[in-house]
Novice: 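Take a look at this one; I'll ask things after.
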Amino acid sequence: MTEPAHSAEPRSRVERYDPTAVEPAWQARWAEARLYDTDLSDTSKPRHYLLTMYPYPSGDLHIGHWYIVTPTDAIARFRRMHGLNVFFPIGFDAFGLPAENAAIKNGGHPFPWTMQNIEKMRRQFRTMGATFSWDHEVVTADPAFYRWNQWLFLRFLEHGLAYRKKSPVDWCPNDGTLAREQVEGVDRHCWRCGALVEKRDLEQWYLRTTAFADELLDFTGLDWPEPIRTQQTNWIGRSEGAEIDFTTAPSGHHQEHETLRVFTTRPDTLFGATFMVLAPEHPLVAALTAPERRAEVDAYIEQARRRTEIDRMSTDRDKTGVAIGAEAVNPVNGEHIPIFIADYVLSGYGTGAIMAVPAHDDRDFAYARQFGLPIRRVVATPGTDADSPVEDAYIAHAADEQLVNSGRFDGLSADEGGRRIVAALAESGAAQPKVTYRLRDWLISRQRYWGTPFPIIYCPTDGIVPVPDEDLPVRLPETVDYKGSGSNPLDHDEAFLHVECPRCGGPARRETDTMDTFIDSSWYWFRYLSPAKDDGPVDRALVDAWTPVDQYTGGAEHAVMHLMYSRFWTKAMRECGLIGEGEPFRRLFNQGQILGADGERMSKSRGNVQDPDELVQRYGADAVRLFLMFMGPWDQGGPWSPTGIGGVSRFLNRIWTVALDAHGREPGDPASGVLAAGETEAAARDALRAAAHRTLRDVTADYEAFHFNTMVAKLMELSNTLFRYRGTPVAGGPEWDETLRLLLLMLAPAAPHITEELWSRRQVAAGRPWTSIHLESWPAVDEAATTESTREVPVQINGKLRDRIVVAADADQDTIQGAALAAPRIVAWLDGRVPDKVIVAGGGRLINVVLRDG
RNA sequence: GCCGAAGUGGCGGAAUGGCAGACGCGACGGUCUCAAACACCGUUGAGUGCAAGCUCGUGUGGGUUCGAAUCCCACCUUCGGUACCA
């Protein structure tokens with residue numbers, strides 16, 4: 001370490017700050033001193049589990065990773081300074097599509113590709129100076145981790161939370177199942193081979209997320225951002241309504257009185273049902289279709305299967321559909337209505353069939369218009385002609401609206417009428433109240449190699465047989481032959497495929513699907529607590545002590561999938577008696593996303609990835625960390641631009657200068673080293689100390705609220721204040737010294753290296769042994785130092801600023817009002833007129849003089 | 001389409017019912033230097049005025065209020081998610 005250069009020579013220069021030398025040296029020293037090891041069994045301090053979403057090992061740590069991680073690290077350091085025992089682990093979400101794509105393309109294996117990427121990212125992570133508990137790292141592609149996915153899956157199976165069902169996937173004849181992003185163009189072709197994508201029905205595994213639908217709607221005790229809670233609530237989409245059984249009318253081509261069950265949220269509009277629509281996939285379509293309609297119906301079904309769900313749900317495109325040549329009978333009045341199939345009805349929601357009430361539903365209205373079907377009003381406000389033509393679907397719920405055209409239910413309110421209609425039909429079993437959810441069970445089967453194998457064996461005699469716990473893990477084979485195709489190589493891996501049935505010992509076949517990677521991220525934070533544990537997935541005592549996670553940080557793009565699956569999985573583990581609590585994350589913060597310079601998501605394929613390494617080389621990790629925090633609000637993100645990093649770099653250099661060269665003067669500034677005209681030395685000392693403590697008060701609040709951008713701005717102001725006093729008699733005095741000390745402590749969580757270096761030099765200068773600034777306590781605000789004797793009050797006339805007055809800090813409202821009305825410029829504006837009103841706002845913070853026709 | 005979010009100087013942003021533009025970038029002017037770079041100091045929303053100042057100004061249009069970037073209604077644009085990217 002160099003000695004601090006405290007020179008009395010006015011034009012002295014200290015050596016320039018060189019982050020490339022300082023930062024790695026401190027990183028090594030911290031690691032050596034094991035400064036950030038967390039003792040999970042330490043109960044002497046309050047525990048704080050700080051979690052940030054673990055990265056996918058794409059191979060390069062880009063600036064987006066820094067944006068997620070380095071402010072979170074600042075939180076970790078800030079909390080440690082408050083005496084908390086902070087656990088801040090990291091790991092890698094190592095299964096997934098990109099590794100597989102690389103292997104297919106280059107003829108390799110996903111495993112080494114992934115592990116090399118992880119190795120590189122670990123090195124890059126270390127340059128951040130982050131305080132990770134590396135000895136708790138989890139890599140999900142390690143059998144030591146995914147073994148427990150298998151084990152947990154088997155527990156869920158035992159508890160009825162996992163089941164098997166046939167469902168369609170996007171299928172390419174050459175490359176097998178495709179992800180949504182692998183289907184391109186309006187004609188929906190395969191990204192790799194260009195073949196047209198079709199749907200294929202496969203038996204697949206599901207997890208019963210809907211079992212917890214109501215519990216997932218309950219956010220009690222969770223401090224989560226409201227937009228996320230709203231998105232999850234809407235995603236679950238609870239709707240109350242009724243199931244109503246229509247029957248089919250007699251016809252020559254099918255059996256009469258087949259039951260057609262519909263779900264509706266508006267049973268009150270049952271008399272307004274003028275047609276029925278089935279999803280094209282509805283199981284009765286084939287049986288009900290009239291022979292002369294069959295060709296057209298089959299063609300429509302084929303066409304619907306090629307559309308995406310988003311496309312199908314779009315309400316602004318023209319409605320399509322075909323009549324199937326059959327009729328349904330309305331149970332409430334025996335009316336016969338035609339049956340259609342249309343792709344705006346989805347098979348996965350409700351019963352896959354709707355009664356269409358065009359007068360009171362937008363989509364039904366559009367369909368009726370398109371196909372010239374009758375529209376009958378059944379709800380109206382009093383005074384509306386019940387039979388006037390309906391120009392627009394009328395949906396709004398007015399308090400006084402009543403049923404019309406509804407037989408004996410006419411005149412009832414919509415709510416009451418709906419209840420009575422359901423009750424009346426319920427007597428004959430033709431209706432019952434029903435709650436449905438938009439939420440679907442979680443399809444976890446993937447027709448891919450690079451994931452957790454299902455611990456399932458199919459035996460010709462015993463059927464579906466779980467792999468016994470003692471045979472876990474079912475390992476992925478270490479050699480793999482993709483044959484240049486995207487389809488799952490496990491399907492033709494003879495050694496993997498053939499297995500003895502654990503029950504009968506006969507020849508059997510392994511499940512070749514693997515698990516969705518969202519499974520890994522649904523419980524990885526539990527595993528961080530005991531990553532090496534080999535007799536169970538979690539250490540119950542540690543889980544009880546450390547979870548729910550106190551603070552989770554990560555992107556809002558995970559609002560409904562990862563963040564919902566994690567809540568489900570935690571509840572499912574609780575249901576199996578493995579843990580005690582049902583919520584994973586007590587407090588959540590969603591930071592924004594850093595986009596490429598082009599405003600698009602950063603990705604290797606777009607070529608817009610920003611590598612932080614060269615910025616770190618040039619400006620240092622502290623400058624990069626600070627710049628990312630300073631750019632804007634953390635929850636906002638935005639397109640990447642390095643413009644402005646010079647500003648924070650300059651800020652750090654100024655701190656370096658004031659800290660090491662208090663008495664130096666700037667030759668470029670003629671006023672340097674001189675107090676402002678009229679400022680006494682005593683006043684300057686007070687002003688400096690007041691600035692320091694006000695900054696401390698505000699910066700503390702900013703850290704608490706994760707308002708890092710304003711936190712940095714306030715520290716810049718304080719360093720500017722110090723710079724202004726540099727070289728004056730105030731510099732180097734006790735107030736100066738206190739201010740500098742506070743500045744370093746406040747900056748330490750955000751810029752850990754430079755503050756440690758300067759802290760260390762102060763200790764050397766004072767002849768004390770080294771102790772890390774990162775083991776210091778957060779300083780306390782001296783409230784007395786922050787008070788002022790006078791303050792400025794803006795005076796407005798009709799809301800426009802016209803003057804400012806200075807009053808004593810403790811002046812009462814009457815005094816302030818009097819002073820405001822006596823201010824020369826206000827007197828001139830009033831020009832003898834008497835104000836209509838004078839508003840003293842915010843306890844005397846502002847005066848507004850109201851002058852009508854002024 | 002549906003769900004969620006965001007629109008403020010040349011740029012990133014601050015202010016979430018009370019002084020619009022903190023802090024920083026860029027630009028311009030200056031100091032230092034033999035010079036350049038670095039560094040430092042100052043100016044910088046638009047219009048108008050010799051000036052004090054005045055007028056306008058927070059995506060668009062309307063509304064509430066003594067007072068609106070902030071609250072309400074309608075719309076426009078951009079971003080995230082939309083169940084096999086993670």
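Chain letters run A, B, ... following the sequence lines, proteins first, then strands; residues in each count from 1. Basis for what follows: all heavy atoms, side chains included, without hydrogens, waters or symmetry-related copies.
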Novice: Looking only at side-chain atoms of A:Val850, point me to the closest of B:A39, B:C66, B:C19.
Specialist: B:C66
Novice: A:His65 NE2 to B:A86 P: how many Å, rounded?
Specialist: 14 Å
Novice: In which ranges does RNA chain B form stems of 3 or more consecutive Watson-Crick or G-U pairs, distances under 3.5 Å?
Specialist: B:1-7 with B:76-82, B:10-12 with B:23-25, B:26-31 with B:39-44, B:45-48 with B:53-56, B:59-63 with B:71-75
Novice: Establish, for the pair A:Arg16 and A:Trp656, whether the NZ or CZ atom is under 6.0 angstrom from the six-membered ring centre and no further than 45 degrees off its axis.
Specialist: no
Novice: Give the nucleotide from the list B:G81, B:C66, B:C40 with an atom nearest to the side chain of A:Glu557.
Specialist: B:G81
Novice: When the P atoms of B:A14 and B:G7 are compared, how many Å lie between them, rounded to an integer?
Specialist: 9 Å
Novice: Nearest to the side chain of A:Glu792, which nucleotide is it out of B:C84, B:G24, B:C19?
Specialist: B:C19
Novice: To the nearest 0.5 Å, what is the distance between CE on A:Met53 and OG1 on A:Thr553?
Specialist: 7.5 Å
Novice: Please evaluate the base of B:C84 for a donor-acceptor partner in the side chain of A:Arg180 within a cut-off of under 3.5 Å?
Specialist: no
Novice: Using the C1' atom as the point on both nucleotides, what is the distance between B:U77 and B:U8, in whole Å?
Specialist: 16 Å
Novice: Can you tell me how far C1' in B:G21 sits from the matching atom in B:G9, rounded to whole Å?
Specialist: 7 Å
Novice: Which residue lies toward the 5' end of RNA chain B, A:Tyr54 or A:Tyr565, if each is placed at its nearest nucleotide?
Specialist: A:Tyr565
Novice: Below 3.5 Å between N/O atoms, which protein atoms pair up with nucleotides 49-56 of chain B? Just atom names and distances, please.
Specialist:
| residue | atom | partner | partner atom | Å |
| --- | --- | --- | --- | --- |
| B:C54 | OP1 | A:Arg802 | NH1 | 3.2 |
| B:C54 | OP1 | A:Arg825 | NH2 | 3.3 |
| B:U55 | OP1 | A:Arg802 | NH2 | 3.3 |
| B:U55 | OP2 | A:Arg802 | NH1 | 3.1 |
| B:C56 | OP2 | A:Lys800 | NZ | 3.0 |

Novice: Looking at B:A86, I'd like to know if its phosphate oxygens (OP1 or OP2) sit under 4.0 Å from a side-chain N or O belonging to A:Thr517.
Specialist: yes
Novice: Rounded to whole Å, how long is the line connecting atom CZ of A:Arg188 with atom P of B:C84?
Specialist: 13 Å
Novice: Using a 4.0 Å heavy-atom cut-off across all strands, classify A:Leu97 as base, sugar-phosphate, or nothing.
Specialist: sugar-phosphate
Novice: Is it possible for you to check whether A:Arg726 lies under 6.0 Å from the centre of the six-membered ring of A:Phe723, through NZ or CZ, and within 45° of that ring's axis?
Specialist: yes
Novice: After noting the C-alpha distance and the side-chain angles of A:Phe95 and A:Tyr146, does the key distance pass the ring pair (Phe, Tyr, Trp, His ring centres under 6.0 Å) rule?
Specialist: CA-CA 10 Å; A:Phe95 279 135; A:Tyr146 71 69; 5.6 Å; yes
Novice: For every nucleotide of nucleotides 3-14 of chain B, 5' to 3': is a protein heavy atom under 4.0 Å from its base (B), only from its sugar-phosphate (S), or from neither (-)?
Specialist: SSS------BSS
Novice: Describe the nucleic acid contact of A:His562 in one word from base, sugar-phosphate, nothing, applying a heavy-atom distance below 4.0 Å.
Specialist: nothing
Novice: Are A:Asn149 and A:Trp523 linked by a side-chain donor-acceptor pair shorter than 3.5 Å?
Specialist: yes
Novice: Specify the separation, in whole Å, of atom CH2 of A:Trp450 and atom P of B:A86.
Specialist: 13 Å
Novice: Taking only residues two or more places apart in sequence or in another chain, which ones pass side chain to side chain donor-acceptor pair (under 3.5 Å) with A:Trp569?
Specialist: none
Novice: How far apart are the C-alpha atoms of A:Ser521 and A:Asp93, what are their side-chain angles, what is the distance that settles it, and do they pass the side chain to side chain donor-acceptor pair (under 3.5 Å) test?
Specialist: CA-CA 7 Å; A:Ser521 54; A:Asp93 185 15; 5.1 Å; no
Novice: Cationic tip of A:Lys165 within the cone over A:Tyr206's six-membered ring, i.e. under 6.0 Å and within 45° of the normal?
Specialist: yes
Novice: Rounded to whole angstroms, how far apart are CZ on A:Arg448 and C1' on B:A86?
Specialist: 13 Å
Novice: Begin with the C-alpha distance, continue with both residues' side-chain angles, and end with the deciding distance and a verdict on ring pair (Phe, Tyr, Trp, His ring centres under 6.0 Å) for A:Trp66 and A:Phe627.
Specialist: CA-CA 11 Å; A:Trp66 278 66; A:Phe627 176 58; over 10 Å; no
Novice: Take A:Ser672 and A:Glu666 through the side chain to side chain donor-acceptor pair (under 3.5 Å) test and state the conclusion after the steps.
Specialist: CA-CA 6 Å; A:Ser672 168; A:Glu666 284 310 314; over 6 Å; no
Novice: A:Met561 side chain: which of B:C85, B:A86, B:C66 is closest?
Specialist: B:A86
Novice: Taking any heavy-atom pair under 4.0 Å as a contact, classify A:Val712: base, sugar-phosphate, or nothing.
Specialist: nothing
Novice: For A:Tyr703, what residues pass the side chain to side chain donor-acceptor pair (under 3.5 Å) criterion, not counting sequence neighbours?
Specialist: none
Novice: Give a yes/no verdict on a cation-pi contact between A:Arg802 and A:Trp829, requiring under 6.0 Å between NZ or CZ and the six-membered ring centre and an angle within 45° of the axis.
Specialist: yes
Novice: Check whether NZ of the Lys or CZ of the Arg A:Arg188 lies under 6.0 Å from the centre of the six-membered ring of A:Trp171 and within 45 degrees of that ring's axis.
Specialist: no
Novice: Rounded to the Å, how far apart are A:Tyr437 OH and B:U82 P?
Specialist: 23 Å
Novice: Sequence neighbours excluded, which residues qualify as side chain to side chain donor-acceptor pair (under 3.5 Å) partners of A:Ser566?
Specialist: A:His562
Novice: Mind calculating the distance between CE (A:Met564) and C1' (B:G80) to the nearest angstrom?
Specialist: 16 Å
Novice: Could you state the atom-to-atom distance from CG of A:Leu202 to P of B:C84 in whole Å?
Specialist: 13 Å
Novice: Under 6.0 Å between the ring centres of A:Tyr524 and A:Tyr54?
Specialist: yes
Novice: Using a heavy-atom cut-off of under 4.0 Å over every strand shown, decide if A:Arg804 touches base, sugar-phosphate, or nothing.
Specialist: base
Novice: Output yes when at least one side-chain N/O atom of A:Arg650 is less than 4.0 Å from OP1 or OP2 of B:C38, else no.
Specialist: no
Novice: Starting at the 5' end of RNA chain B and moving along, which residue's nearest nucleotide shows up first, A:Ala841 or A:Asn848?
Specialist: A:Ala841
Novice: Would you say B:C84 has OP1 or OP2 under 4.0 Å from some side-chain N or O of A:Arg446?
Specialist: yes
Novice: Categorize A:Gly842 for me: base, sugar-phosphate, or nothing, with a 4.0 angstrom heavy-atom threshold over every strand shown.
Specialist: nothing
Novice: Does the side chain of A:Arg200 get closer than 4.0 angstrom to OP1 or OP2 of B:C84 through an N or O atom?
Specialist: no
Novice: B:A86, B:C41, B:U82: which one has an atom nearest the side-chain heavy atoms of A:Arg654?
Specialist: B:C41
Novice: Test for a donor-acceptor pair under 3.5 Å between the base of B:C84 and the side chain of A:Gln447, counting only N and O atoms.
Specialist: yes
Novice: What form does the base of B:G47 take, syn (within 90° of 0) or anti?
Specialist: anti
Novice: Distance between the P atoms of B:C34 and B:C28, in whole angstroms?
Specialist: 25 Å
Novice: Distance check, C1' atoms only: B:G26 and B:C11, in whole angstrom units.
Specialist: 7 Å
Novice: To the nearest angstrom, how far is A:Leu443 atom CG from B:C84 atom C1'?
Specialist: 8 Å
Novice: Reckon A:Gln182 touches a base, only the sugar-phosphate, or nothing at all at heavy-atom distances under 4.0 Å?
Specialist: nothing
Novice: When rounded to the nearest Å, what value does the distance between P atoms of B:A52 and B:G45 take?
Specialist: 15 Å
Novice: Roughly how many Å apart are B:C38 and B:G47, using the C1' atom of each and rounding to a whole number?
Specialist: 38 Å
Novice: Expressed as a whole number of Å, how far does the P atom of B:A68 sit from that of B:G57?
Specialist: 11 Å
